[in-house]
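Right, one structure below, let's go through it.
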Amino acid sequence: MDKLLIRGGTPLNGEVRISGAKNAALPILAATLLADSKCFISNVPHLQDITTMMALLGRMGVELVVDEKMNIEINSSQVHTCIAPYELVKTMRASILVLGPLLARFGEAHVSLPGGCAIGARPVNLHIKGLEAMGATIEVENGYISAKAPRLHGARLCMELVTVTGTENLMMAAALADGETIIENAAREPEVVDLARLLISMGAEVEGAGTDTIRIVGKPTLSGARHEVLPDRIESGTFLVAAAITGGKVKLRDTDPHLLDAVLAKLKETGAKITIGDNWIELDMEGRRPKAVDIHTAPYPAFPTDMQAQFSALNAVADGVATLRETIFENRFMHAQELQRMGANIQIEGNTAVIRGMKQLQAAPVMATDLRASASLVLAALVAQGETLVDRIYHIDRGYERIEEKLTQLGADIRRIRE
Ligand code: EPZ
């Protein structure tokens, strides 16, 4: 298992390019199952999760041609199997995103039930409930979701909870269903909006993406389309925290500052100087120690749960005491015990962490447990005294493209140890 060896203490400085958003590319790749001709998807990040999704589509008979820049030509006209097998789904729970499109296009789907993961049970009951309301017959047995629907019909769906992939699955199913679907209490994340943009360019009728009510009128068929994946707002936020935690100055290119207003507001509260342009963000910490900031995660446009672990690392060395409330997932403080091994002063009480900032963290051997927790350990290591060894970094490779190369470009002392 690869490891990252990081020597802390260098303020980051320089420019880095932000990759396409993993959490937009995954539903967008799944949506190509809906098209009866070729799709061309660009700005796809080169990540393990993307490779897994492409393998999953390939197993179904989708033809994929990928160039060296990860521009992907996708043809789903020859799909012969509507199965998402356990051995692939267990490595990437976002495989559930093929359920809606398979059902809508081919009338059947057999998708392994994605188990829980480190951060929570993560049920998919709301995906299933919505598809049943649209006329699907769904059995969950032997660890598989078996769904059948000769023809889905539109429905009025009031989501009990805001679910990002649940909203995305139901949007894709509705795009080929018979009639109108209204999704109320829909997720408003930018990745949902990016998926809607693709569906519309495929000929779908979708209104209201980005609000809590989305209206879709189904079409008999959808055609292929060209689409450029939007920038990754969580990768952007992670690199901005890296600049803030090390007291440095970093400029992000090929990003979109309007995708992470809540994160930028919190970074300003830490004392960071932030300037933005159409497709760039610059953070200058001017060598100062960050001030502690309270965090309360909630669905977009509020502060994203995917940035909580990164701000835990920042607060671990900030000036003051911070309270972080995690309201989306029930177990998303796995990074805390690893940060404590580096000397962080963190008290967990239920879904709340109280962090008293230390002037200095100590390097230590630590272990990544999930994607964003691994990012927080890397951030802490960038500012810890000494050399930190981060183990199980396959977690980080799922969501960050070439992270050690990008951090090295910014002056970090980091290298990958292949084992
Ligand atoms: C998406 O996961 C993201 N993944 C997650 O990013 C992100 O943390 C999460 O949204 C919240 O923003 C992708 O987009 C691929 P949810 P998703 O359904 O859709 C409960 C990362 O780090 N729920 O919005 O799985 C659920 O348990 C990953 O890139 C149900 O109870 O999250 C959770 O408490 C981690 N039943 C809450 O809703 C359901 O049927 C929100 O989950 C669905 C969800």
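Just so you know, ligand 1 is whichever comes first in the structure, and atom 1 is the first atom listed for that ligand.
Relative to atom 41 (C) of ligand 1, the option among L161, V162, L26 with the closest non-hydrogen atom is V162. If you check each of T305, I119, N169, I128 against atom 12 (O) of ligand 1, the one with the closest non-hydrogen atom is T305. The closest heavy-atom contact to atom 40 (O) of ligand 1, among the options V164, L126, D49, comes from L126.
Residues H153 and D178 have side chains that never bring a donor and an acceptor to within less than 3.5 angstrom of each other.
A salt bridge links E338 with R341: the closest approach of a Lys/Arg side-chain nitrogen to an acidic carboxylate oxygen falls below 4.0 angstrom. Using a 4.0 Å cut-off between a side-chain N of Lys or Arg and a carboxylate O of Asp or Glu, K291 and E269 do not qualify as a salt bridge. Under 4.0 Å is where a charged nitrogen must lie from a carboxylate oxygen, and between E15 and R253 at least one such pair does. Note on E63 versus K38: no salt bridge recorded, every NZ/NE/NH1/NH2 to OD/OE distance being 4.0 Å or above. Here E404 does not pair with R415 in a salt bridge; the nearest charged N to carboxylate O distance is not below 4.0 Å. The residues E235 and K406 are annotated as salt-bridged, a charged nitrogen and a carboxylate oxygen being separated by less than 4.0 angstrom. A salt bridge links D306 with R332: the closest approach of a Lys/Arg side-chain nitrogen to an acidic carboxylate oxygen falls below 4.0 angstrom.
Near V124, the atoms of ligand 1 lying under 4.0 angstrom from a non-hydrogen atom of the residue are 39 (C), 40 (O). Every atom of ligand 1 with a heavy atom of H127 under 4.0 Å away is listed here by number and element: 40 (O). Taking every heavy atom of K22 and a limit of under 4.0 angstrom, the matching atoms of ligand 1 come to 21 (C), 29 (O). Close contacts of ligand 1 with R332, meaning ligand atoms under 4.0 Å from a residue heavy atom, involve 8 (O), 22 (O), 35 (C).
Closest to atom 18 (O) of ligand 1, if we only count protein heavy atoms, is T163 OG1, 2.7 Å. Looking from atom 26 (C) of ligand 1 to the surrounding protein, the closest heavy atom is F329 CE2, 4.3 Å. Regarding atom 43 (C) of ligand 1, its nearest protein heavy-atom neighbour is P123 O, 3.3 Å. If you check which protein heavy atom lies closest to atom 22 (O) of ligand 1, you get R372 NE, 2.9 Å. Of the protein's non-hydrogen atoms, the one nearest atom 25 (O) of ligand 1 is R122 NH2, 3.0 Å. With respect to atom 4 (N) of ligand 1, the closest heavy atom belonging to the protein is N23 ND2, 3.6 Å. In terms of protein heavy atoms, atom 34 (O) of ligand 1 is closest to I328 O, 2.6 Å. Among protein heavy atoms, atom 36 (N) of ligand 1 sits closest to N125 OD1, 2.7 Å.
Shown are R402, R416, R418; of these, the salt bridge (Lys or Arg N to Asp or Glu O under 4.0 Å) with D397 is made only by R416.
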Practice task
Mind running side-chain contact (heavy atoms from CB on, under 4.5 Å) on T167 and V162 for me, showing each step along the way?
Solution key: CA-CA 8 Å; T167 300; V162 173; 5.7 Å; no
Handout entry: Chi angles and distances behind the side-chain hydrogen bond (donor to acceptor under 3.5 Å, both in side chains) call for T255, R233
Key = CA-CA 7 Å; T255 185; R233 61 192 168 98; over 6 Å; no
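A pairwise comparison of heavy atoms in A31 and L198 identifies CB-CD2, 3.8 Å as the closest pair.
The distance criterion of under 3.5 Å between nitrogen or oxygen atoms is not met by R93 with respect to ligand 1. Ligand 1 has no N or O atom lying under 3.5 Å from any N or O atom of E168, backbone or side chain. Looking at ligand 1, you'll find an N or O of D306 within less than 3.5 Å of one of its N or O atoms. Residue contacts with ligand 1: T165 is placed with a nitrogen or oxygen under 3.5 Å of a nitrogen or oxygen of the ligand (distance criterion only).
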